[in-house]
Each structure stands twice: as C-alpha cells, then as structure tokens.
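A quick write-up on the structure given underneath.
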Amino acid sequence: MSPEDAVPFLDYASVLVFALTGALVASRAQLDLVGFIFFATLTGIGGGTLRDLLLGQDPVFWVGRPGLLVLTSLAAVLVFFTAHLFESRYSLILWLDALALAVAVPAGVDVAIGAGAGPIVTVAMGIITGTFGGMARDTVANELPLILKQGELYVTATFGGAVVAVVLIGIGCPGVWALIACGVTVFALRAGSMLLG
Amino acid sequence: MSPEDAVPFLDYASVLVFALTGALVASRAQLDLVGFIFFATLTGIGGGTLRDLLLGQDPVFWVGRPGLLVLTSLAAVLVFFTAHLFESRYSLILWLDALALAVAVPAGVDVAIGAGAGPIVTVAMGIITGTFGGMARDTVANELPLILKQGELYVTATFGGAVVAVVLIGIGCPGVWALIACGVTVFALRAGSMLLG
Amino acid sequence: MSPEDAVPFLDYASVLVFALTGALVASRAQLDLVGFIFFATLTGIGGGTLRDLLLGQDPVFWVGRPGLLVLTSLAAVLVFFTAHLFESRYSLILWLDALALAVAVPAGVDVAIGAGAGPIVTVAMGIITGTFGGMARDTVANELPLILKQGELYVTATFGGAVVAVVLIGIGCPGVWALIACGVTVFALRAGSMLLG
C-alpha cells in the first residue's frame, strides 16, 4: 500500500471526526438542524479544502467526492439527536478534535507528497489540514480558537507529527508506517498536553 | 434562455445588493469612504469568489469583469452619502440581505451546474454563494454572524432554495424557471422567519 | 529592471516584515514558540496567498519557494527571544505593519500586472496583498482589525499607493519607479495618519 492509497480513507475519517466536533459546537450554540449541518461541513472539510486550494488541486477534493458532504450531514443529524445525552459536550469536543487532528495531519502530509511538494511545504500542509477546519469552526462560532489557548500544544502536536512523517519517509520508511507514526505522534502530544496541562 | 445565460445578470444583481449591505455595516461602524468601499466589495463578491475558488474557476469571476468592482464602489459611495437618511439601518441591512440571498443562491446554483457539478455539490455551492459574503462582512466587522442567530432560518432558506432548483431541474423544468423558483423560495423562507420569528 | 524582476525581492521583504508583526501579536497573546511561528507565517504569507488564489496562480507563491516559510519561522524565533526587550510591543507592531504595507502593496501590484490584469483589478490586488495578512492575524488573535480603527487611513493608504502605481505605469513611467512611488505613498499616508491622527 503506497501512501497515496491511504488518502481516501484518511480524508473520510478526518472529515467524519471533525464534522462531529463541528456539530457539537453547533449544539453548544443551540442552532437548528441546518446550523448543525453547516458547522459539521465547515469543520469537516475546511482544512483539506484550504490545502487543495494552496496546492492548486482543481477542483477541491470534496467536489469530486460529494459523498463526503452526505457524511458530514449524517454526522450532524446524529449529533442533533444525541448531543443531550452527553454530560460534558466541551470535553467531548476536545477529545474528538484531538482524534481528528491525528487523522487529518497524515492526510495532509500524504496529499502534499502526492502533489510533489518538498519537505517544508509538506510539513506546512500537514499543519494546515489539521488546524484550519477547527479554526474556522471556532472563529465563526465566536469561540476562542483552540490554537490560542496556552499550554495546549495544539499547533505543536501537528508540527511534531508532520516532521516525524517527513523524516521517516526521508530515511526510506514505507509511507504507510510513516503516516501511522505521524498520527500517533500528533495524538500523543495533544492528549498528553490535555491530560498533563 | 438557458440557465447559463442568466449568470451575468444574477451575479451583478447579487453583488450590488450585498454591496449595499456591506456599506451599511461600514456605516454602523462609522468608517471612512474607503472603509465603505472595502466592506461593500468584500460582501458583494465574497460568496461568488469562494464558489469559484472551490470549483477551480481560474481566475475568479470578477477578475475577468472588473466592472463589478466599480459597481461595489458606486454602491459604497451611494450609501456613504445617504445612510443618515434611514431611521433603522439594521432593519434595512436585514431586508437587503434577504433580497441578496434570494439572488445569490440561484447564481451559485447556476454556475455550479454550468461547471458540471452533481446535485449535492450544486446545493453546496448555492449555500456558499449565498452565505459567505455576509459571513465575511459580519466576521470582519466583529458583529454576530446572521447565520448564528437563533430562529432566523438563514442557512435553511438558502438550503431550501437550492434544493428546489436542483429538484426542478432534475425533473426537466426549464432552467430559468427553476432559478426563479429557487430565489422565491429563499426569499419566502427568510422573510417569513423575519416577520414571524 | 522590469517590474516583474522586483517581485521576488518585494515578496521576501514584505513576508519578513509582516512575519515580525505576526510574531509580536503572538507575543502579546503569550503563545509558545510554535504559536509564534504559526502567527508569523499566517501574517507573512496571508496577503500574497489570497492574491495568488484569486488570480489563479497555481500553486501559490510560497509552495514553489519554501525558503519563505523558513524565513517566517526564523523571524518568529528572533521575536520569541527578544520581544521582552521592547517597551511597547503594540507601537512596534503598528510601525512594522506600516512598513510591511509599504512593501506588500507594490508586490501585489507587480504580480497582478505580470498576470495581465487591468488597472482596476491591479489596484484591488495591491489592496488585498497589503491588508489580508494583517486582517487574518488580527481576526485569529481576536484583536480589533486595524482596518476597522477610525482615523487610521489603513485601507486608504493601500488604495492611494496602488492608484499611484497604476497611473504612473499607465503614463509610461518605468515599472521600478512606479513601484517605489507606490511604496512611498503607502508609507507616507499610513505614517501620517499615525502621527497626526
């Protein structure tokens, strides 16, 4: 399995988990069902969309795979009918966001390598794919972006994971293992800062 | 008249009306004339610009039709010298914004169909074209985005209108009628929620 | 020296100075080193990135010149270790921002002319290249965007400089002098409004 083969799976997984966090933010803002779908979709596809625009991928990834928009809408509907069951939606948002980061950063790294980007731009695309959806979610919802919270190792986690992937691929490690190491690094740094910070 | 022929007219009309709302927001923020032009232009072309970027239309629509920037500047000048005549600028913003939505959503649907998009992406482009200009206006001006206000049926109105257009075109209705039905649906839902909400 | 030859130098200079302002905002927000790098990079490349996306330049300028990302990171590291030496970081941000504006507007004008844009779109690209990085910096950092402050002649300065460049080039002035006049105009208007406003 080449790293490029992993892209569709990674994209679907990160879109889904980010969409859940977007729908939970819509729930905190007490929006209606369409508001849930809007925030789930904005958060789910935001990072990958900016990555594709910057790399000159025309059109962006979800225009060719509209099933992704169905996925974010279904995630919104799911959260709409179940969010009241959770005691702490904010804590749930934080953990799902950490999980989504851990999938989105390798997805961004993978697409950048497939587009022929060098190591520096690849790291930048990993960070952008990971952080932009959540940043758009928090900015539009008027919440303080997670990247601005002190002691959260938010951008640091995405940076660390992307560097691990680029270094491993640079020394000849098979792409799929580099991407897994990338995701594990992101999650370990982010979860560690949440538990210890 | 094919639906594609309607694009320039719809784009001009929605750019003009959104530009007026942007200039009125600049007036509430007590900016100078260039600030009026900035907000009128950001609001007027924001939605269609994001739509074109996502669909891979290079360059975006107003780069090839710079008259649109003249139009937003004239709208800004007009509002700059007349805004003091209106008793409630906020109410005027809301109604002009509803009118602009009712023109921008069919414009977005039309461009997406012309670019060969399927029904799901077409609905998404209608929503994006309708909502993004006003969202940028409110975010930059530090006002609460209209899409976040409860009971406003804001995104819902654009969603409803875009679905009506896609369904009508899908069952063979002539494009121009589908676009008119789309605009009427958007305005009816939005105006209804403003009057009854 | 044709105006196009000036682009790489102008881009590097405006990216560097904007990056310093971004890092200083990160310093005010008491972020960690990676937060500094994030804000320095967002501010440094934001305006030119939007300009390239709108003009359909694929990929955007820094994807092909990753040294620019090294430059913004170095600027962030520099500010991280020296920001405490400055008595008024806010005043320093304002003056560096004025300097960056005076370099970024001619850079935007230059790229637009190189891409074959007409005078109106060229002026728009000068304004966008100048203002968008700082606007993204302030919006993400939850500070009031400079463009919204009254009596600041912020957008006006970029507008004035871009018009000067377009008029001078239109009457046959050599490109490099037109760009210099553009930068001087931007700085004079902005610095004047800061000293006298």
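Labels below follow one simple rule: chain letters A, B, ... track the order of the sequence lines, proteins then strands, and each chain is numbered from 1.
The environment of CH2 in C/Trp177 is sparse: at most 12 heavy-atom neighbours from other residues, nucleotides or ligands sit within 6.0 Å.
Heavy-atom distances place the side chain of C/Thr139, and not its backbone, under 4.5 Å from chain B. Heavy-atom distances place the side chain of C/Asp58, and not its backbone, under 4.5 Å from chain B. For chain B, no part of C/Ala117 is nearby; none of its heavy atoms comes within less than 4.5 Å.
Note: B/Leu31 CG to C/Tyr154 OH = 14.0 Å, rounded to the nearest 0.5 Å. Note that CG of B/Leu53 is 8.0 Å distant from CG of C/Leu50, once rounded to the nearest 0.5 Å. Here the CD1 atom belonging to C/Ile120 is positioned 11.0 Å from the CH2 atom belonging to B/Trp62, to the nearest 0.5 angstrom.
Here the closest non-hydrogen pair linking B/Asp32 and C/Leu153 is OD2-CD2, 4.1 Å. Contact between C/Ala124 and B/Leu69 at its shortest, heavy atoms only, is CB-CD1, 3.7 Å.
Proximity of B/Phe38 to C/Thr131: side-chain heavy atoms (C-beta onward) are separated by under 4.5 Å at one or more points. For the pair C/Phe159/B/Ile37, no side-chain contact is recorded, criterion being any heavy-atom separation below 4.5 Å from C-beta on.
The choice from B/Thr41, B/Val140, B/Thr49, B/Asp52 that makes the most heavy-atom pairs within less than 4.5 Å of chain C is B/Val140.
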